[in-house]
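Only heavy atoms go into these numbers, but all of them, side chains included; no hydrogens, no water, no symmetry mates.
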Amino acid sequence: MLDAPNITVDQLRQLLEYDPKTGVFDWSEPSREWFASEAHWLAYKAKQNGKQPFSNKHSSGYLCGEIGGVSLLAHRAAWAYCYGSWPLEQIDHLNHDKQDNRLPNLRLAPQAEN
């Protein structure tokens, strides 16, 4: 069983937009209340400017990124975003393309099936 990351699904949904048909994430406009100061908020926005969420490639081949200060894998974030809770099992890519995070391509899978 896998642990949920230290970010809630609500927080994830506030920071990101996800299109289940394409599997692509985009940044939302984060609320100012998330940040300790105006300067922190502006620095965060500048850091995200022009960079897609989950634009890094994990050593295992999955797309990954840092969201709200937490390192996440894109396929797990896609599952949580759509179903409202972090998956407790592994997520299998049906077409075996680790970068294809369209919702119809993802399924829960025990370790033995993945």
Side-chain angles (χ1 to χ4, degrees):
M1 187 180 305
L2 300 168
D3 291 332
N6 192 19
I7 184 172
T8 69
V9 175
D10 285 340
Q11 291 169 328
L12 183 74
R13 289 173 176 164
Q14 287 178 23
L15 291 172
L16 300 174
E17 300 284 332
Y18 170 71
D19 182 345
K21 292 179 184 176
T22 65
V24 174
F25 281 91
D26 255 325
W27 296 108
S28 294
E29 180 68 29
S31 171
R32 164 63 181 87
E33 68 191 35
W34 272 59
F35 301 90
S37 70
E38 185 81 13
H40 286 112
W41 184 50
L42 293 173
Y44 178 85
K45 288 171 55 173
K47 180 181 174 185
Q48 308 314 335
N49 190 23
K51 184 178 178 186
Q52 286 289 108
F54 304 112
S55 58
N56 299 322
K57 195 172 181 181
H58 189 269
S59 60
S60 59
Y62 297 106
L63 293 176
C64 64
E66 186 178 295
I67 311 299
V70 178
S71 294
L72 298 173
L73 296 170
H75 59 289
R76 297 187 61 76
W79 188 272
Y81 192 98
C82 290
Y83 293 110
S85 63
W86 292 101
L88 299 178
E89 297 182 74
Q90 292 191 1
I91 301 294
D92 185 28
H93 289 78
L94 295 172
N95 68 2
H96 305 289
D97 179 350
K98 294 178 179 182
Q99 296 183 25
D100 182 354
N101 294 310
R102 294 173 297 120
L103 193 59
N105 189 46
L106 304 177
R107 71 175 179 111
L108 286 177
Q111 174 70 33
E113 289 181 28
N114 193 5

**Request:** Take Lys51 and Asn56 through the side chain to side chain contact (heavy atoms under 4.5 Å, CB included) test and state the conclusion after the steps.
**Result:** CA-CA 10 Å; Lys51 184 178 178 186; Asn56 299 322; 4.2 Å; yes
To the nearest 0.5 Å, what is the distance between [atom1] on [X] and [atom2] on [Y]?
X: Glu89; Y: Arg107; atom1: CD; atom2: CZ; value: 9.5 Å
X: Gln99; Y: His58; atom1: CD; atom2: NE2; value: 12.5 Å
X: Asn101; Y: Phe25; atom1: CG; atom2: CZ; value: 7.0 Å
X: Ile91; Y: Leu108; atom1: CD1; atom2: CG; value: 4.5 Å
X: Tyr83; Y: Leu103; atom1: OH; atom2: CG; value: 4.0 Å
X: Asn105; Y: His96; atom1: CG; atom2: NE2; value: 9.0 Å

**Asked** Hey, quick one: are Leu16 and Ile7 part of the same hydrophobic cluster, counting side-chain heavy atoms closer than 4.5 Å, chains of contacts allowed?
**Response** yes
**Item:** Trp79 with Val24, same ILVMFWY side-chain cluster at under 4.5 Å
**Value:** no
Check: [Y] and [X] side chains under 4.5 Å, non-hydrogen atoms:
X: Tyr81; Y: Glu17; result: yes
X: Gln52; Y: Leu63; result: no
X: Ser60; Y: Tyr62; result: yes
X: Ser28; Y: Gln14; result: no

For [X] and [Y], which heavy atoms make the closest approach, and how far apart are they?
X: Lys57; Y: Cys64; result: C-SG, 4.1 Å
X: Arg32; Y: Glu38; result: NH2-N, 3.0 Å
X: Ile67; Y: Phe54; result: CG1-CZ, 3.7 Å
X: Pro20; Y: Cys82; result: CB-SG, 4.3 Å
X: Asn95; Y: Asp97; result: OD1-N, 2.9 Å
X: Val9; Y: Ala80; result: CG1-O, 3.3 Å

**Asked** Going through the checks in order, is the side chain to side chain contact (heavy atoms under 4.5 Å, CB included) test met by His93 and Leu106?
**Response** CA-CA 5 Å; His93 289 78; Leu106 304 177; 3.6 Å; yes
**Message:** Has Asn6 got a side-chain atom pairing as donor or acceptor with Val70's backbone, closer than 3.5 angstrom?
**Reply:** no
**Message:** Whether the side chain of Arg76 engages the backbone of Trp86 through a donor-acceptor N/O pair (distance < 3.5 Å, no angle test) should be reported.
**Reply:** no
**Prompt:** Is it true that Lys21 and Asp19 have a side-chain N and a carboxylate O under 4.0 angstrom from each other?
**Reply:** no
